[in-house]
Amino acid sequence: MKKTANRTVIHLIDQPSAPDLKLLERLADLGWNVHLVYRRAGSDRLINSSLKITAHRLPLSTRYPWVYLAFIAAVPIIYPVKSDIIHAHYLTRFGILAAVYRRFLRFKRMVLTAPGPDVLIEASRGMVKWSAEHALKMFEIVTFSSEPVSARLKELGVPSNRMLRLDWAGSEKEIEVAAASLEKRYAELIGRFEG
């Protein structure tokens with residue numbers, strides 16, 4: 001397995017929270033070059049306070065069905081970064097966008113974090129459910145933080161060996177554990193596709 005120094009990960013998050021940014025900063029401390037693509041302007045002040053993360057603001061909503069237009073707007077932001085891993089947060093927004101990115105640009109090594117409402121509520125019917133089911137097939141790892149989300153992911157067709165329970169919404173210790181676990185899984189993914 002290759003070292004993670006100088007490896008690049010792109011996190012796609014609609015509106016990053018303080019724990020999300022702490023996790024990304026911890027990944028940067030572990031040697032990752034961290035890029036953040038986000039949508040909501042309310043996060044600007046919080047994001048700009050971090051010197052360890054390169055931030056890119058997406059000008060369009062990633063809400064379904066606008067996610068397909070957002071893909072066109074995201075390509076000039078994501079493509080030049082030359083990332084090793086793309087980590088999308090929220091299945092029915094950036095998860096679908098990342099899946100479209102993978103489909104059209106043949107990108108490998110993708111991770112998804114499913115916080116809950118995206119799989120429990122939004123992906124329950126219609127075209128959103130269909131798009132979510134197809135998007136889930138594109139991810140090598142799907143992280144979640146609760147049992148109901150785990151059960152719903154299984155219903156949507158995610159195999160247990162691709163699921164990883166992580167929670168970084170609480171204490172600094174949880175953030176440390178989550179960052180170490182993600183770093184290890186990222187390194188395994190890179191080794192799998194390069195080896």
Side-chain angles (χ1 to χ4, degrees), residues 2-63 67 69-91 93-115 118 135 138-143 164 166 168-169 175-176 178-194:
K2 300 205 177 187
K3 293 190 179 233
T4 58
N6 300 322
R7 294 294 190 172
T8 301
V9 61
I10 296 177
H11 277 256
L12 308 171
I13 307 176
D14 196 45
Q15 184 170 5
S17 64
D20 291 332
L21 292 174
K22 286 180 182 178
L23 176 75
L24 300 183
E25 288 176 344
R26 183 64 192 124
L27 286 169
D29 291 341
L30 291 170
W32 287 85
N33 181 11
V34 179
H35 286 257
L36 169 64
V37 177
Y38 69 102
R39 167 67 186 117
R40 303 276 173 102
S43 308
D44 288 340
R45 187 173 44 86
L46 188 62
I47 292 167
N48 291 336
S49 67
S50 175
L51 301 174
K52 300 175 185 178
I53 301 167
T54 305
H56 313 271
R57 188 157 179 262
L58 188 64
L60 294 173
S61 172
T62 56
R63 194 168 182 86
V67 68
L69 287 175
F71 163 74
I72 294 167
V75 169
I77 296 169
I78 298 171
Y79 193 71
V81 173
K82 304 295 182 209
S83 66
D84 295 291
I85 292 181
I86 292 178
H87 187 140
H89 296 250
Y90 212 86
L91 171 62
R93 295 193 183 164
F94 275 115
I96 293 173
L97 183 140
V100 171
Y101 187 84
R102 180 174 184 167
R103 171 74 63 165
F104 287 103
L105 300 176
R106 304 285 186 238
F107 187 83
K108 302 288 186 207
R109 300 182 298 247
M110 294 200 346
V111 177
L112 172 72
T113 294
D118 53 341
M138 301 288 181
F139 294 95
E140 283 76 33
I141 300 169
V142 179
T143 71
L164 175 65
L166 288 178
W168 59 80
I175 291 170
E176 288 287 322
S181 181
L182 276 177
E183 200 264 344
K184 178 183 174 197
R185 295 302 285 268
Y186 288 170
E188 289 171 359
L189 279 178
I190 289 170
R192 186 182 326 155
F193 283 98
E194 287 182 352

To the nearest 0.5 angstrom, please state how far the CG atom of Leu23 sits from the CD atom of Glu25.
10.0 Å
Identify the heavy atoms of Phe139 and Gly95 that sit nearest to each other, and give their distance.
CZ-O, 3.4 Å
For the residue pair Pro80 and Ile77, what are the closest heavy atoms and their distance?
CD-O, 3.7 Å
Val111 and Arg185: CA distance, side-chain angles, deciding distance, side chain to side chain contact (heavy atoms under 4.5 Å, CB included) verdict
CA-CA 9 Å; Val111 177; Arg185 295 302 285 268; over 6 Å; no
Beyond-backbone contact of Asp29 with Lys52, side-chain heavy atoms, under 4.5 angstrom:
yes
Does the side chain to side chain contact (heavy atoms under 4.5 Å, CB included) test come out yes or no for Leu189 and Ile141, once each step is laid out?
CA-CA 9 Å; Leu189 279 178; Ile141 300 169; 3.8 Å; yes
Evaluate the side chain to side chain contact (heavy atoms under 4.5 Å, CB included) criterion for residues Phe94 and Leu112: first the C-alpha distance (whole Å), next the side-chain angles of each, then the deciding distance (0.1 Å), finally the verdict.
CA-CA 9 Å; Phe94 275 115; Leu112 172 72; over 6 Å; no
Could you check if a side-chain atom of Arg39 sits within less than 4.5 angstrom of a side-chain atom of Arg93, using non-hydrogen atoms only?
no
Within a strict 4.5 Å, meaning less than it, do heavy atoms of the Leu36 and Leu21 side chains meet?
yes
CG on Asp20 to CD1 on Ile13, rounded to 0.5 Å
4.5 Å
Please report the shortest heavy-atom distance between Pro16 and Tyr38, naming the atom on each side.
CD-CB, 3.9 Å
Separation of Leu97 CG from Phe71 CZ (nearest 0.5 Å):
7.5 Å
Look up atom CG in Leu24 and atom OG1 in Thr54, then write down how far apart they are to the nearest 0.5 Å.
11.0 Å
When rounded to the nearest 0.5 angstrom, what distance separates CD1 in Ile53 from CG in Asn33?
11.0 Å
Less than 4.0 angstrom from a charged side-chain N to a carboxylate O is my criterion; do Arg26 and Glu176 meet it?
yes
pair Leu12-Tyr101: side-chain heavy atoms closer than 4.5 Å
no
Contact summary for Met110 and Ala98, nearest pair of heavy atoms
CE-O, 3.3 Å
Passing candidate, side-chain contact (heavy atoms from CB on, under 4.5 Å) with His11, options Val37, Ile85, Leu27
Leu27
Using 30° and 60° as the class limits, which term best fits the ring planes of His87 and Tyr186: parallel, tilted or perpendicular?
perpendicular
Please tell me if the side chains of Arg109 and Asp84 come closer than 4.5 Å, counting only heavy atoms from C-beta onward.
yes
Would Tyr90 and Asp14 satisfy side chain to side chain contact (heavy atoms under 4.5 Å, CB included), going step by step from the backbone distance to the final call?
CA-CA 8 Å; Tyr90 212 86; Asp14 196 45; 5.8 Å; no
All heavy atoms of Leu166 vs all of Ala178, minimum pair found to be CD2-CA, 4.0 Å
How about Ile78 and Ile86: do any of their side-chain heavy atoms sit closer than 4.5 Å?
yes
Between Arg7 (side chain only) and Trp32 (backbone N and O only), is there a donor and an acceptor less than 3.5 Å apart?
no
